[in-house]
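One structure below.
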Protein chains: 2
Amino acid sequence: MSTVGKAISLLELFTVAEPELGLSDLARRSGFDKATTRRLLVALTGHGLVEQDAATRLYRLGAGLSRLARIREARFPFLQTAVPLVRDLASATAETVHLSEYGVDRLVTVHVEHPARANRVNVDIGQLLPLHSTASGIVYLAFARDEAVKACLTTPLEAFTAHTLTEPAAIARSMGEARERGYSICDQGLEEGVISVAAAILAADGFALGTIAVAAPKARTTAADIAERGLAAVAAAREISMRLNGDNLQALRRQA
Amino acid sequence: MSTVGKAISLLELFTVAEPELGLSDLARRSGFDKATTRRLLVALTGHGLVEQDAATRLYRLGAGLSRLARIREARFPFLQTAVPLVRDLASATAETVHLSEYGVDRLVTVHVEHPARANRVNVDIGQLLPLHSTASGIVYLAFARDEAVKACLTTPLEAFTAHTLTEPAAIARSMGEARERGYSICDQGLEEGVISVAAAILAADGFALGTIAVAAPKARTTAADIAERGLAAVAAAREISMRLNGDNLQALRRQA
DNA sequence: AAATAACGGTTCAAATAATGAACCACATCC
DNA sequence: GGATGTGGTTCATTATTTGAACCGTTATTT
């Protein structure tokens, strides 16, 4: 792995659940030597991608990341555009709604709205979603470039639950259904007792760039709920796509 | 420079004004060899910090940055907390209001609200503000740790305009005034014809972590405007500080 | 339409930067 | 007091990065 890759993999150790980590901890988790880990952290800190708490000596992600993310957002106002519609969908469904964006053969959760009820599906910001075992992933693949689909289906697929589809053929079938319906359904593919629907958000070229998904406890979800949420997700995704691409008709080419 | 530093300095070439750059361009601006530049870009792309447009082959900042920035925000909800108050201050003053956060001996502009009028001060997201020649910088220093102040005042200070203060003693005086008033005033320190006021946002330890500033064309700004904006900025900064630190009284220790 | 220049991307011997075992100093904890 | 945990540092050894020269394409220019 390149030195740069190592440095970035240090950044990836920080999560919502554990946003601050010590040097030894980082070294242990990354598998790098303590000296190496520290040198990388110093380099990252020097550019503001990591900060060190003056008192606790713990490391955390730095302000430079906010800066870079905002520059990206200025070019690509994905969050800005999508968040209001995620909120609307969340209040309409009273279930967890999460927004993801494609990045390096996975989907990256960039926003989440949780309903104000105790029994709900919990999704963390920053969580990484595999493509083959989530509603978001399936619908993403359904509207993705062939290369991306091929790349996904030719690697061995992990089974997270007894329900996870790992056969390329089965996944292709799911994708086909999603393409027809406009939304995907994933029944406990990543976690037992969770059922999700998702719709694809399209870039100007007509290919998916991200997804919007509704996740709910299976116990209280009926077939009618699924259909209703699916259609609502499609409407939200379509609206986000249109706002992103300035009503460009090409955006709907594949979804039509 | 470490390889990691080089990779990050590539990220820093992207701005709001130029969010997409080609390989040769990046190599030229960074001063790295084309082969090196590309290897770094590949490493960054492999982790989602950079994306390459499939059609134009241009590079841009990647979705992974949004992810990391959101994880940071979850720990440190600076933007989430501050943006509404930035908006309020912008509509109250009808001038440009910008929010910055400290990062590696500069302030990083993380949010901006522009008034809906043609003649205004324009600030870009991601813009880096020097500490000695901006209202934000002065008030930051006024409430910063001694080390940070020392680090700033012991390096040679650039004069951006004829009005820029570059004497450590003059800057220390400005800082003192800012500490007394609660807000700083910077009269054309960075750009001719622009006058700004700023107030410090404090962390739980009582030291500044960022600033909120109002910037306006000097031509239409009276002494009364300055005082009014200053007090409004202080109120906004104090509110943000309190919300961030959960009404923790310690937050006001130094501002009291 | 041929020539030129600029683009993105690749190669491999040479040069340079990264590595990690052993080492502090300090803080708990038993 | 001894054992184990931190964060941080050193420097000979080692592995990675480097960049001139290369290729194939795609605009410009003549």
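- Between B:R38 and C:dT10 there is a side-chain polar atom (N or O) within less than 4.0 angstrom of OP1 or OP2.
- Here the range on DNA chain D touched by chain B, meaning any atom under 4.0 Å from one of its heavy atoms, is D:dT17 to D:dA20.
- The pair A:D53-A:R57 fails the salt-bridge criterion, with no side-chain N (NZ, NE, NH1 or NH2) lying under 4.0 Å from an Asp/Glu carboxylate O.
- Between A:E18 and A:R60 there is no salt bridge, since none of the side-chain N atoms of the basic residue sits less than 4.0 Å from a carboxylate O of the acidic one.
- At a threshold of 4.0 Å, the pair B:E101-A:R67 does not count as salt-bridged, since none of the basic side-chain nitrogens sits closer than that to a carboxylate oxygen.
- A donor-acceptor pair shorter than 3.5 Å cannot be found between the side chains of B:T164 and B:S133.
- Test A:V42, A:T36, A:T37 against A:R39 for side-chain contact (heavy atoms from CB on, under 4.5 Å) and you get one pass: A:T36.
- Heavy-atom contacts from other residues, nucleotides or ligands closer than 6.0 Å to CD of B:E191 number 12 or fewer.
- Rounded to an integer number of Å, the gap from NZ of A:K6 to C1' of C:dG20 is 11 Å.
- Nearer to the 5' terminus of DNA chain C, by closest-nucleotide assignment, is the contact made by B:R28 (compared with the other of B:D33 and B:R28).
- No side-chain donor from either of B:T109 and B:S100 sits under 3.5 Å from a side-chain acceptor of the other.
- For the atom pair B:L99 CG and B:L107 CG, the distance stands at 10.0 Å (nearest 0.5 Å).
- For DNA chain D, the neighbouring residues in residues 17-27 of chain A, judged by any heavy atom under 4.0 Å, are A:G22, A:L23, A:S24.
- Between B:L40 atom CG and C:dA17 atom C1' there is a gap of 13 Å when expressed in whole angstrom units.
- B:M1 places its CE atom 11 Å from the P atom of C:dA17, with the value rounded to the nearest Å.
- Rounded to whole Å, atom P of C:dC7 lies 9 Å from atom NZ of B:K34.
- Residue whose closest nucleotide on DNA chain D sits further toward the 5' end, between A:L58 and B:G31: A:L58.
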Audit row: B:D33, B:R38, salt bridge (charged side-chain N to carboxylate O under 4.0 Å, His left out) steps and yes/no = CA-CA 8 Å; B:D33 186 86; B:R38 187 165 139 75; over 6 Å; no
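- Contact between the side-chain N/O atoms of A:T3 and the OP1/OP2 oxygens of C:dA17 is not found at any separation under 4.0 Å.
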